Amino acid sequence: MSETPSNTLQYRFDGPEDAPILIMGPSLGTTWHMWDRQIPELARQWRVFRFDLPGHGGAPAHPAGTAGELAARLLATLDALGVQRFGYAGCALGGAVGIELALRHPERLASLALVAASPRFGTADEFRQRGVIVRTNGLDPIARTAPERWFTGGFAAAQPAITEWAVQMVRTTDPGCYIAACEALAGFDVRAELGRIGVPTLVLVGSDDQVTGPAEARTLVAGIPDARLAVVPGASHLVPVEQPAAVTDLLVRHFSTAWQQPFDTAQTALPAAPAGPVRGAPPQPVPVAEIAPAPAPAEPPVPPDRSETGLKIRREVLGDAHVDRVLAQADEFSGDFEDFLTRVAWGEVWDRPGLDRRTRSCVTLTALVAGGHLDELAVHTRAALRNGLTPVEIREVLLQAAVYCGLPAAGSAFRVAQQVIREETTPAG
């Protein structure tokens with residue numbers, strides 16, 4: 001176990017101290033114990049390093065909102081321990097961390113195994129919606145449905161103790177860290193970068209995984225140059241728990257045979273400059289200074305095109321489904337207006353650093369109440385939930401608006417917001 005500053009991760013070691021390092025990364029909602037059944041065999045050959053995600057398994061609750069940030073914390077932890085090079089196996093979100101390492105820090109990685117992983121995990125809307133549910137209802141609804149996402153029905157019925165372990169593992173996770181991890185999955189998309197992964201890679205998936213199944217695994221294998229696929233029959237998303245022997249055997253074979261040697265940096269170093277004149281070399285003329293002509297006036301900077309930034313923020317706040325629907329309805333007449341909204345409203349105003357998105361949502365809701373724009377109020381109530389406001393906070397905004405915008409306007413706003421909140425915060429099933 002470790003002391004855990006905010007920029008590092010809680011971890012543990014198993015196996016001989018002088019063995020090569022093998023890192024095991026967990027899935028969202030799990031702890032390092034999801035790898036327990038692999039450890040006895042792996043620790044024969046490797047010094048196995050397991051870590052917990054922030055707020056999981058009793059780890060300090062320092063939320064991390066991107067896979068890149070989790071990878072940076074992992075490297076900071078390893079740097080403090082003097083670990084430079086390692087193999088890495090990660091499940092789901094843990095796999096996303098492994099992909100980040102392979103793309104951004106390939107010199108550290110000797111071999112990679114991606115378990116139940118994907119270059120993009122569903123849609124951003126799905127994970128942000130899950131964050132809304134957790135923010136409103138806590139983790140209990142997510143915990144109760146975890147076994148059906150993680151295990152096949154037969155396994156869950158036959159293994160009630162493991163099923164209950166899974167429920168309790170999610171239930172005891174810090175909600176804020178769980179929401180941040182959902183945001184990390186929502187923002188993860190490396191489909192265009194897979195070809196840059198140069199490390200030997202095993203892609204391992206359960207045949208019955210309904211979360212990140214064989215189709216996503218084949219996308220990884222098709223995109224990563226040195227990758228091979230292993231499909232484990234009779235397993236769902238947490239395949240290391242459901243089929244431990246098969247997963248252990250695949251990992252042992254992969255890391256025993258596909259361990260890339262460190263990069264050879266000797267050929268890339270610049271030769272040292274000679275300390276003095278080279279004996280026998282002819283004398284070199286001393287250069288004569290020249291007066292350079294005055295530089296031409298600099299061209300005025302071209303203002304940045306805010307369309308890309310605006311579209312990204314518009315999707316993050318309003319959701320892919322809504323934005324896709326609105327843009328699909330745009331035609332020659334309305335297209336310029338949608339472009340204006342994207343560039344100016346979303347690419348400039350919503351991107352300004354002076355207010356955070358929660359505050360901007362409060363201002364927007366109040367303005368829409370004052371203007372009586374109930375259709376837009378529904379859209380932005382959903383956006384406010386995605387931006388982190390709770391139903392209680394939205395209620396307070398509408399009560400404040402009632403004082404300054406009028407009771408009839410606020411009454412209509414309450415009816416609209418109430419319906420939206422019911423739809424958005426009621427767990428599925």
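Quick caveat, the model's predicted, so the values are computed rather than measured.
Ion pairing of D79 with R108 is present here, as a side-chain N (NZ or NE/NH1/NH2) and a carboxylate O approach within less than 4.0 Å. Under the 4.0 Å criterion applied to side-chain N and carboxylate O atoms, R360 and D356 are not assigned as salt-bridge partners. Salt-bridge annotation for D320 and R120: present, with a side-chain N of the basic residue lying under 4.0 Å from a carboxylate O of the acidic one. Looking at R358 and E393, a side-chain N of the basic residue comes within less than 4.0 Å of a carboxylate O on the acidic one, giving a salt bridge.
Every residue two or more places apart in sequence or in another chain was checked for a ring pair (Phe, Tyr, Trp, His ring centres under 6.0 Å) with F414, and none qualifies. Scanning for side-chain contact (heavy atoms from CB on, under 4.5 Å) contacts around Q418 gives R422, with sequence neighbours left out. For R218, the side-chain hydrogen bond (donor to acceptor under 3.5 Å, both in side chains) criterion is met by no residue, not counting sequence neighbours. Residues forming a side-chain contact (heavy atoms from CB on, under 4.5 Å) with T426 (at least two apart in sequence, or on another chain): none. Considering only residues two or more places apart in sequence or on other chains, D226 meets the side-chain hydrogen bond (donor to acceptor under 3.5 Å, both in side chains) condition with none of them. The side-chain contact (heavy atoms from CB on, under 4.5 Å) check on V403 picks up nothing, with sequence neighbours excluded. Residues passing the ring pair (Phe, Tyr, Trp, His ring centres under 6.0 Å) test with F151, sequence neighbours excluded: F155.
Under the 3.5 Å distance criterion, the side-chain polar atoms of D351 are left unmatched by any main-chain donor or acceptor of P353. Remark: side-chain polar atoms of R85 are paired, donor with acceptor, to backbone N or O of Q261 under 3.5 angstrom. Of the possible donor and acceptor atoms, none in the side chain of T309 sits under 3.5 Å from a partner among the backbone N and O of R306. Checked by atom type and distance alone, the side chain of T212 pairs as donor or acceptor with a backbone atom of A116 at under 3.5 Å. Between the side chain of Q38 and the main chain of V247, no donor-acceptor pair closer than 3.5 Å is present. The main-chain N or O of G213 is found under 3.5 Å from a side-chain atom of E216 such that the two form a donor-acceptor pair. The backbone N or O of T425 sits less than 3.5 Å from a side-chain atom of N137, completing a donor-acceptor pair.
The CG atom of L251 sits 8.5 Å away from atom CH2 of W46, with the distance rounded to the nearest 0.5 Å. With rounding to the nearest 0.5 Å, the separation of CZ in F121 from CG in L185 is 6.0 Å. Atoms CD1 and CG, from I224 and L194 in turn, are 5.5 Å apart once rounded to the nearest 0.5 Å. Taking CZ from R144 and CG from L139, the interatomic distance works out to 11.5 Å, rounded to the nearest 0.5 Å. To the nearest 0.5 Å, the span separating CD1 on I421 from CD1 on I394 amounts to 4.5 Å. One finds the CG atom of L22 at 5.5 Å from the CE atom of M24 (value rounded to the nearest 0.5 Å).
Between Y178 and H56, the two ring planes are parallel [angle under 30°; tilted spans 30° to 60°]. A perpendicular orientation is assigned to the rings of F49 and F13, their planes being inclined by more than 60° (bins at 30° and 60°).
The salt bridge (Lys or Arg N to Asp or Glu O under 4.0 Å) analysis of residues 335-344, with sequence neighbours excluded, yields the pairs R314-E338, D339-R343. Listed by first and then second residue, the side-chain hydrogen bond (donor to acceptor under 3.5 Å, both in side chains) pairs involving residues 61-76 are E69-R73 (not counting sequence neighbours). The list of side-chain hydrogen bond (donor to acceptor under 3.5 Å, both in side chains) pairs with a residue in residues 158-167, not counting sequence neighbours, reads E164-Q168. Among residue pairs with one or both ends in residues 366-377, none qualify as side-chain hydrogen bond (donor to acceptor under 3.5 Å, both in side chains); sequence neighbours excluded.
Tested against H33, the residues T31, T30, D36 include a single side-chain hydrogen bond (donor to acceptor under 3.5 Å, both in side chains) partner, D36.
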* Asked: Yes or no on side chain to side chain contact (heavy atoms under 4.5 Å, CB included) for T173 and I142, after CA distance, side-chain angles and deciding distance?
  -> CA-CA 11 Å; T173 299; I142 304 296; over 6 Å; no

* **Chi angles and distances behind the side chain to side chain donor-acceptor pair (under 3.5 Å) call for S111, H254** => CA-CA 8 Å; S111 190; H254 174 66; 2.9 Å; yes

* Apply side chain to side chain contact (heavy atoms under 4.5 Å, CB included) to L101 and F86, showing your working. => CA-CA 11 Å; L101 292 170; F86 48 84; 4.1 Å; yes

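Considering every non-hydrogen atom in both A217 and L229, the closest pair reads CB-CD1, 3.6 Å. A pairwise comparison of heavy atoms in W259 and I21 identifies CH2-O, 3.4 Å as the closest pair. Heavy-atom minimum distance, L202 versus A230: CD1-CB, 4.0 Å. Taking each heavy atom of A64 and A184 in turn, the nearest pair found is O-CB, 4.4 Å. Residues L114 and G95 share a closest heavy-atom pair of CD2-O, 3.5 Å.
Inter-residue side-chain proximity for P147 and W150 is flagged as unmet; no heavy-atom pair is nearer than 4.5 Å. Counting heavy atoms from C-beta on, the side chains of V239 and E242 never come closer than 4.5 Å. At least one side-chain heavy atom of W35 sits less than 4.5 Å from a side-chain heavy atom of V115. Inter-residue side-chain proximity for L238 and S27 is flagged as met; some heavy-atom pair is nearer than 4.5 Å. Within the 4.5 Å cutoff, side-chain heavy atoms of S256 are placed close to those of Q45. Contact check for V241 versus R37: no side-chain heavy atoms found under the 4.5 Å cut-off. Considering only heavy atoms from C-beta on, R228 stays 4.5 Å or farther from V203 through its side chain. The shortest distance between side-chain heavy atoms of L70 and L93 falls below 4.5 Å.
When the shell of 6.0 Å around CZ of R171 is examined, it contains more than 12 heavy atoms from other residues, nucleotides or ligands. Dense packing is recorded around CZ of R104, with more than 12 heavy atoms of other residues, nucleotides or ligands lying under 6.0 Å away. Remark: E126 CD is packed, more than 12 non-hydrogen atoms of other residues, nucleotides or ligands lying under 6.0 Å away.
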Pairs under 3.5 angstrom only: tabulate donor-acceptor contacts from the side chains of residues 381-389 to other protein residues two or more places apart or in another chain.
| unit_1 | atom_1 | unit_2 | atom_2 | d |
| --- | --- | --- | --- | --- |
| T381 | OG1 | L377 | O | 2.7 |
| R382 | NE | E424 | OE2 | 3.1 |
| R382 | NH2 | E423 | OE1 | 2.7 |
| R386 | NE | E316 | O | 3.3 |
| R386 | NE | V317 | O | 3.1 |
| R386 | NH1 | D125 | OD1 | 3.3 |
| R386 | NH2 | D125 | OD1 | 3.3 |
| R386 | NH2 | R315 | O | 3.4 |
| R386 | NH2 | E316 | O | 3.1 |
| N387 | ND2 | S361 | OG | 2.9 |

